**Student:** 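Pasting in a structure now, in structure tokens, and then I'll have a few things to ask.
These numbers come from a predicted model, not from an experiment.
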Amino acid sequence: MNANGEAAKAVPELLSPQNARLLLDSTEAFLFDCDGVIWKGDKLIDGVSETLDLLRSKGKKLVFVTNNSSKSRRQYAEKFNSLGIAVSEDEIFSSSFAAAMFLKVNDFPQEKKVYVIGGEGILEELQLAGFTGLGGPEDGKKTVELKSNCFFEHDKSVGAVIVGIDPYINYYKLQYGTLCIRENPGCLFIATNLDAVGHMTDLQEWPGAGCMVGAISSSTEKKPMVVGKPSTFMMDFLLQKYHINTSKMCMVGDRLDTDILFGQNAGCKTLLVLSGVTTQAILQDPSNKIQPDYYTSKLSDFLRIL
């Protein structure tokens with residue numbers, strides 16, 4: 001306890017030869033975020049491939065847990081392979097997959113449709129799960145004409161609206177999603193994630209899915225059900241698949257409020273890499289209440305240290 005009677009925050013440890021070995025020996029499965037940890041945009045971060053090879057050679061289970069819903073698991077596997085990293089679809093848990101699985105485990109009626117403000121990844125995962133998706137990139141080409149007596153038609157059979165990262169967001173999509181949620185009885189409002197920004201290219205951060213979700217949340221005056229990190233929904237799926245105690249898992253990410261909080265909520269060890277959104281200054285800001293167990297500059301430090 002500090003002088004104000006508050007619980008003292010744990011101070012994260014800089015990764016060192018001693019604690020890196022301890023972390024490696026006590027971990028059976030490493031969970032990795034992708035953007036800012038494995039790559040930035042379409043550029044692989046230096047040393048990642050060799051580090052993943054090292055962990056595999058030590059018998060560690062590798063799982064890739066991404067909030068970026070722009071791709072399906074199949075498309076992410078293709079991206080990994082294009083960058084020279086062999087990763088199977090079964091090792092990938094994307095928020096696009098989580099959104100489709102949320103509908104499946106909650107017995108969403110297959111005769112109902114799903115309107116998507118987001119990318120092809122969500123539409124593909126919906127199709128694989130047996131659902132009919134509408135919208136997506138195709139609606140990015142559509143426009144509205146605001147004039148007297150204008151009435152906007154929408155499909156009354158839409159029973160859920162899923163909102164994810166959408167570089168083609170427009171007024172048409174905002175109106176369509178808003179009407180479905182406000183006017184279709186029982187229509188679900190699902191967010192893949194609430195990330196404010198993300199590394200959509202290797203040089204800059206760009207607005208994240210949280211911006212799109214915020215627009216729909218404002219127009220409908222409703223809060224979404226969030227399936228991506230730090231929600232525990234994806235972790236529930238991981239535990240069902242791998243049956244590994246969370247104390248034997250380590251979540252590796254570049255965001256405190258999603259990756260690190262996701263790991264902490266589940267009881268995992270956590271490692272923050274400073275190759276993405278979070279900087280050293282943010283980590284050391286006294287107002288920051290989320291602290292990882294360990295931190296390092298980038299994932300390949302594991303390779304260098306060990």
Side-chain angles (χ1 to χ4, degrees), residues 15 19-35 37-38 48-49 51-69 71-77 79-81 85-108 121 124-126 128-131 190 192-193 225-255 258-273 290 292-294 299 302 306:
L15 204 62
N19 59 31
R21 174 59 60 185
L22 179 65
L23 179 60
L24 186 67
D25 292 344
S26 63
T27 301
E28 293 182 15
F30 284 87
L31 316 180
F32 297 98
D33 178 47
C34 294
D35 296 305
V37 177
I38 305 298
V48 163
S49 182
T51 305
L52 297 180
D53 286 345
L54 170 69
L55 294 175
R56 286 194 191 278
S57 73
K58 300 292 185 182
K60 307 303 178 183
K61 178 71 67 177
L62 307 186
V63 185
F64 302 89
V65 187
T66 175
N67 265 1
N68 191 331
S69 64
K71 292 180 172 61
S72 64
R73 290 166 299 157
R74 177 190 63 81
Q75 291 170 320
Y76 271 117
K79 178 171 182 175
F80 273 105
N81 285 298
I85 303 175
V87 173
S88 69
E89 289 182 35
D90 283 346
E91 294 175 308
I92 299 167
F93 283 76
S94 60
S95 61
S96 54
F97 172 65
M101 289 304 99
F102 181 87
L103 294 177
K104 202 170 186 70
V105 301
N106 285 284
D107 298 320
F108 184 75
E124 183 172 319
E125 293 292 357
L126 286 172
L128 290 171
F131 301 117
I190 300 167
T192 60
N193 62 298
M225 290 165 281
V226 183
V227 296
K229 298 171 291 186
S231 165
T232 59
F233 183 76
M234 281 204 283
M235 181 59 74
D236 293 339
F237 260 82
L238 285 167
L239 295 177
Q240 288 177 21
K241 182 176 178 64
Y242 295 114
H243 305 290
I244 299 174
N245 192 295
T246 55
S247 66
K248 299 284 189 180
M249 294 181 178
C250 178
M251 180 66 216
V252 184
D254 70 316
R255 292 187 66 99
T258 55
D259 304 324
I260 301 307
L261 187 58
F262 174 72
Q264 290 179 346
N265 285 344
C268 302
K269 293 179 279 288
T270 55
L271 171 63
L272 177 77
V273 292
I290 304 170
D293 296 314
Y294 308 97
L299 186 58
F302 235 128
L306 293 172

**Student:** I'd like to check Lys60 versus Leu24 (side-chain heavy atoms, cut-off strictly below 4.5 Å). Are they in contact?
**Tutor:** yes
**Student:** Is any NZ, NE, NH1 or NH2 atom of the basic residue among Lys61 and Glu28 found under 4.0 Å from an Asp or Glu carboxylate oxygen of the other?
**Tutor:**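 No.
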**Student:** Can you see which heavy atom on Phe93 is nearest to which on Val63, and at what distance?
**Tutor:** CD1-CG1, 3.6 Å
**Student:** Can you label the angle between the Phe64 ring and the Phe80 ring as parallel, tilted or perpendicular, going by 30° and 60°?
**Tutor:**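 Phe64 vs Phe80 ring planes: tilted.
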**Student:** Classify the angle between the aromatic ring planes of Phe237 and Phe233 as parallel (below 30°), tilted (30 to 60°) or perpendicular (above 60°).
**Tutor:**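 Phe237 and Phe233: tilted rings.
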**Student:** Between Thr258 and Asn193, is any pair of side-chain heavy atoms under 4.5 Å apart?
**Tutor:** no
**Student:** Is there a side-chain contact between Leu103 and Leu126 (heavy atoms, below 4.5 Å)?
**Tutor:**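 A side-chain contact exists here, since the closest heavy-atom pair is under 4.5 Å.
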**Student:** List the residues meeting salt bridge (Lys or Arg N to Asp or Glu O under 4.0 Å) with Asp33, not counting sequence neighbours, and say none if there are none.
**Tutor:** Lys229
**Student:** Side chains of Leu55 and Lys58, heavy atoms from C-beta outward: is any pair under 4.5 Å?
**Tutor:**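 No, every pair of side-chain atoms sits at 4.5 Å or beyond.
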**Student:** My understanding is that only residues two or more places apart in sequence, or in another chain, count here; which of them pass side-chain hydrogen bond (donor to acceptor under 3.5 Å, both in side chains) with Arg56?
**Tutor:**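 Testing Arg56 for side-chain hydrogen bond (donor to acceptor under 3.5 Å, both in side chains), a comparison that skips the adjacent residues, returns Glu91.
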**Student:** Measure the shortest side-chain to side-chain distance between Met101 and Val227 over non-hydrogen atoms and say whether it is less than 4.5 angstrom.
**Tutor:**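 SC-SC contact between Met101 and Val227 ruled out.
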**Student:** Would you say the side chain of Cys34 lies within less than 4.5 Å of the side chain of Asn68, judging by non-hydrogen atoms?
**Tutor:**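 Not in contact.
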**Student:** Which residues pass the side-chain hydrogen bond (donor to acceptor under 3.5 Å, both in side chains) test with Gln75, not counting sequence neighbours?
**Tutor:** Ser72
